[in-house]
Trainee: 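Got a structure here, written out as C-alpha cells. Questions coming.
Whatever order the structure lists ligands and atoms in, that order sets their numbers, starting from 1. This one's a predicted model, so the numbers in the text were calculated from it and none came from an experiment.
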Amino acid sequence: MKHLLKLADLTTEDIYGILNLADQLKYERKNHIPHPHLQGKKLGMIFSKSSTRTRVSFEVGMDELGGRALFLSDRDLQIGRGEPIKDTIRVLSRYLDGIMIRTFAQQDVEDLAKYGTIPIINGLTDYCHPCQVLADLMTIREYKGSLKGLKLCFVGDGNNMANSLIVGGIKVGMDVAVACPDTYRPDEDIVRWAQSNGNLLITSDMKAAAENADILYTDVWASMGQESEKVEREKVFRAFCVNSDLMRVAKPDAMVLHCLPAHRGEEITDEIFEQHADEIFDEAENRLHAQKAVLVKLLK
Ligand code: CP
Ligand code: NVA
C-alpha cells in the first residue's frame, strides 16, 4: 500500500491491517502510552473545501505520532492561481513526507500520486471518502464485534459516502443496500463491481433497503460544491430521512451512523440523531485513530 486514493485500491487484508493498528493506537492513546512512529515526518494538508473533522484529526494525529502537519489552503497555494497540480506535487515531494488532500476531482488526487514521489491520502473528493469509511468500519466493529455478514443500509444521495461505503462494505463481506432516488444513484462502475463481488441492493424503496439492517447510515442531501442545487435536492430527497418509522424495519439493535456534519430535520430526525449520538460521536472520534493508522502504514 503506497497511497490511499480510494478503497478500491486496498485489499481486504490492507483494510484489516489499518483497523487493527487503529484499535491499538486508540488503546495506547487512552492509556497515555506514547507512540511516536513518525518522529520528524511532515504531512502537507491541501484543502479546497471546508473541514472540521478531517483537518483537526489529521493535525492532532500527526502531532501525537511525533510529526507535524502543515495546513495548506488552495486559496493561498499557487494551485489557486493556476499552477498545475503536477508541478505543485513535484515541488512538495522535495519538502514533505506525505500529502493529504481534500478537493473536488478524483483525477487531481490520482495525478498527485502519479507525478509525486510521496504517499498521497484522499481526504474527500466528489467521488469518495475513504478515510471516513475506515473510521466507520472501525466503529461498527467496536459495537458489533465483527463485520462480515452484517447488513449496512445507506439512505440518501448516491454520493462520495455511498460510493466508499459500498466498496468498503463489500470488501469486508457486508451486505450493502442503498436507498436513493433513481436519478441520484452511486457511481455505476462501483455498482457493477459491487454486484459482481458481493451483495449490493440499489433501490428507491427505503423500507426494502433498511429491512433487517444492522447499520443505518445517512449523509447530507447536498454535498460541498452542490450548494446551488440545494432547493432542487430538498424536493427530490424529502422522503429520504432516517426517522423512527424507518428504524422500525431495521434490526431492533441497529446502529445509526452519520459522517457529519448533519442537517437535522433533513436526512435524519433530531430524535434519531440524539438517540444514537454515542455511536455517531464515537465514529467521529475514530477518524483520529483510523487516520493515525493510515499515516503510520504509509509514512513510517
Ligand atoms: N466527515 C468529515 O469528513 O467531516 P469534515 O468535513 O468536518 O472533515
Ligand atoms: N457528502 C458530504 C460528506 C462530508 C463529509 C460532502 O461531500 O460534503
Trainee: Which is it for F237 and Y184 under the ring pair (Phe, Tyr, Trp, His ring centres under 6.0 Å) test, yes or no, and what are the steps along the way?
Mentor: CA-CA 9 Å; F237 285 99; Y184 292 87; 4.9 Å; yes
Trainee: Anything with a heavy atom under 4.0 Å from ligand 2 counts, so go ahead and list those protein residues by chain and number.
Mentor: L124, H129, N159, N160, D219, S223, M224, L260
Trainee: Quick one: salt bridge (Lys or Arg N to Asp or Glu O under 4.0 Å) partners of D136, sequence neighbours excluded?
Mentor: none
Trainee: Is the shortest distance from a Lys or Arg side-chain nitrogen in R264 or E274 to a carboxylate oxygen in the other one below 4.0 Å?
Mentor: yes
Trainee: So, is the end of the R55 side chain (NZ or CZ) under 6.0 Å from the ring centre of F47 and within 45° of the ring's axis?
Mentor: no
Trainee: Thinking salt bridges, do K251 and D214 make one under a 4.0 Å N-O criterion?
Mentor: yes
Trainee: At less than 4.0 angstrom from any atom of ligand 1, which residues have a non-hydrogen atom? List them by chain and residue number.
Mentor: S51, T52, R53, T54, R102, H129, Q132, C259, L260, R287
Trainee: Is D157 paired with R233 through a side-chain N to carboxylate O contact shorter than 4.0 Å?
Mentor: yes
Trainee: Would K114 and E110 pass as an ion pair if we require N to O under 4.0 Å?
Mentor: no
Trainee: Is there a side chain to side chain donor-acceptor pair (under 3.5 Å) between H37 and K292? Walk through the geometry before answering.
Mentor: CA-CA 10 Å; H37 298 287; K292 282 167 73 179; over 6 Å; no
Trainee: Among all residues two or more places apart in sequence or in another chain, which pass the side chain to side chain donor-acceptor pair (under 3.5 Å) test with N20?
Mentor: R141
